[in-house]
Number of protein chains: 2
Amino acid sequence: MQLLKDRICRDGKVKEGNVLKVDSFLNHQIDVSLLCEIGKEFKRIFGDCGVTKILTVEASGIGIACVAAQFFNVPVLFAKKNQTKNISGDVYTRSVESFTHGRSYDIIVSREFLKPEDRVLIIDDFLARGSALLGLVGLVQDAGAQLVGAGIVIEKGFQEGGALVRARGVRVESLAVIESMDPRTGIVFR
Amino acid sequence: MQLLKDRICRDGKVKEGNVLKVDSFLNHQIDVSLLCEIGKEFKRIFGDCGVTKILTVEASGIGIACVAAQFFNVPVLFAKKNQTKNISGDVYTRSVESFTHGRSYDIIVSREFLKPEDRVLIIDDFLARGSALLGLVGLVQDAGAQLVGAGIVIEKGFQEGGALVRARGVRVESLAVIESMDPRTGIVFR
């Protein structure tokens, strides 16, 4: 998606340690008009898959999923990272390792909102080592729902997540795949 | 907002301990078409305030803010609950007490994205004891930005947050204000 790649080149900041900061338009401050174009692109890619629900995980995925869901006319379900008293009763849980935060955490959805008859599209902002995405895929499997695929905004193609998840037979469509990046020489897309 | 009140009565669940579960349409599973109507209502209320930025806090506020922002044509900024290596450098920080989670945490925004020239509309899903909203108001003050008001989806009118924040001179507009609620007798709106 050229608009997105242009934006990443213009406003993204490559930091040491394979960190790409896109917090000026994607995951802290959010350019909602860009999300709108991203949502349309996901609709173009997955529009014929009979999606009944979009699944994401808090926090950065939520805005992207909600704007995209408008084009699919389906509800969003976001996995929570902490058990709270506002989610009670039966839940599906998967463990996710966060490299950004340097710890593991559980992601949780109510069984009530993920059913075998659902056709689920997963949407998330980043795919790097794949832990969060594998967790979301696991939640869909736990529910016995059909996974139609995963729509990712930015994939770090030089990390193993994309290959790991695709090796499980999941259709992963990333709008921008970074082949390599370097604080001095910048970003190369695949 | 009658559509919202009707939905709360139909799908909200009142639990012991002043808990209102709206996780089937607002803060776990999200009915994006309802968010769209909520966004239009915030635009009707705050449309003439010259809003340049919508501020919310992760996680449940993000979807509401992003859908509403489409009607204002402004970016969303969401305060993060944890310092991560993806937000570095200068930040504004406020401490928030969470009654849901039974602990305190910091909310953080980059100084880069909140400026004295901004006219900020705060949007959040719930207003109860007011701690999160006071934290967000504090971030706006720290930045020297102009706060045009706070748009809240559901206010628990029987708790002190609304009065606390309004006493500070903040314009708080809640789309549904709950006067009282009870697991047996249900919800009464103000």
Side-chain angles (χ1 to χ4, degrees), chain A residues 13 15-17 19-25 27-36 53-89 98-102 108-110 112-114 126, chain B residues 13 15-17 19-25 27-36 53-89 98-102 108-110 112-114 126:
Chain A
K13 287 173 189 158
K15 303 283 182 183
E16 295 294 345
V19 172
L20 173 63
K21 281 185 70 174
V22 288
D23 59 357
S24 66
F25 62 96
N27 52 19
H28 180 31
Q29 182 167 255
I30 300 173
D31 178 345
V32 178
S33 63
L34 177 66
L35 289 201
C36 192
K53 197 156 285 187
I54 291 178
L55 176 67
T56 189
V57 59
E58 66 179 29
S60 333
I62 298 174
I64 303 162
C66 282
V67 173
Q70 296 177 114
F71 299 101
F72 288 87
N73 274 311
V74 300
V76 167
L77 179 64
F78 70 87
K80 301 216 176 191
K81 287 185 177 168
N82 294 294
Q83 185 97 39
T84 78
K85 64 179 167 184
N86 288 337
I87 299 192
S88 50
S98 168
F99 298 94
T100 311
H101 297 93
I108 296 156
V109 295
S110 286
E112 189 181 350
F113 305 127
L114 210 49
F126 268 98
Chain B
K13 286 172 190 159
K15 303 283 183 185
E16 295 294 344
V19 172
L20 173 62
K21 282 186 67 175
V22 288
D23 58 357
S24 66
F25 62 96
N27 53 19
H28 180 30
Q29 182 167 255
I30 300 172
D31 178 345
V32 178
S33 63
L34 177 66
L35 289 202
C36 191
K53 197 155 289 186
I54 291 178
L55 176 67
T56 188
V57 59
E58 66 179 27
S60 333
I62 298 174
I64 302 161
C66 282
V67 172
Q70 296 177 112
F71 299 100
F72 287 87
N73 275 311
V74 300
V76 167
L77 178 64
F78 69 88
K80 303 216 176 192
K81 287 184 178 171
N82 294 295
Q83 185 96 39
T84 80
K85 64 179 166 185
N86 288 336
I87 300 192
S88 49
S98 169
F99 297 93
T100 311
H101 297 92
I108 296 156
V109 295
S110 286
E112 190 181 352
F113 305 128
L114 209 48
F126 268 97

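First the proteins, then the strands, lettered A, B, ... as listed; each starts at 1.
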Legend entry - NZ/NE/NH1/NH2 to OD/OE distance under 4.0 Å, B/Lys21 and A/Glu112: no

Legend entry - Distance in Å, A/Asn27 CG paired with B/Glu58 CD, rounded so as to fall on 0.5 Å steps: 10.5 Å

Legend entry - Main-chain N/O of B/Phe78 paired to A/His28 side chain as donor or acceptor, under 3.5 Å: yes

Inset, instruction - Report the C-alpha separation of B/Phe113 and A/Asp23 in whole Å, then their side-chain angles, then the decisive distance to 0.1 Å, and conclude whether the side chain to side chain contact (heavy atoms under 4.5 Å, CB included) test is met. - result: CA-CA 9 Å; B/Phe113 305 128; A/Asp23 59 357; 3.9 Å; yes

Legend entry - When A/Ile30, A/Val22, A/Asn73 are compared by non-hydrogen pairs under 4.5 Å with chain B, the top option: A/Ile30

Legend entry - Contact winner vs chain B - A/Pro75, A/Ala79, A/Cys36, heavy-atom pairs under 4.5 Å: A/Pro75

Inset, instruction - Hey, could you give me the OG/CD1 distance between A/Ser60 and B/Ile62, rounded to the nearest 0.5 Å? - result: 6.5 Å

Inset, instruction - Go through the atoms of A/Ser24 and report whether side chain, backbone, both or neither lie under 4.5 Å from a heavy atom of chain B. - result: both

Legend entry - Exercise: identify the closest heavy-atom pair between B/Cys66 and A/Gly63: SG-CA, 3.7 Å

Legend entry - Between CG on residue B/Leu55 and CD on residue A/Gln29, distance to nearest 0.5 Å: 10.5 Å

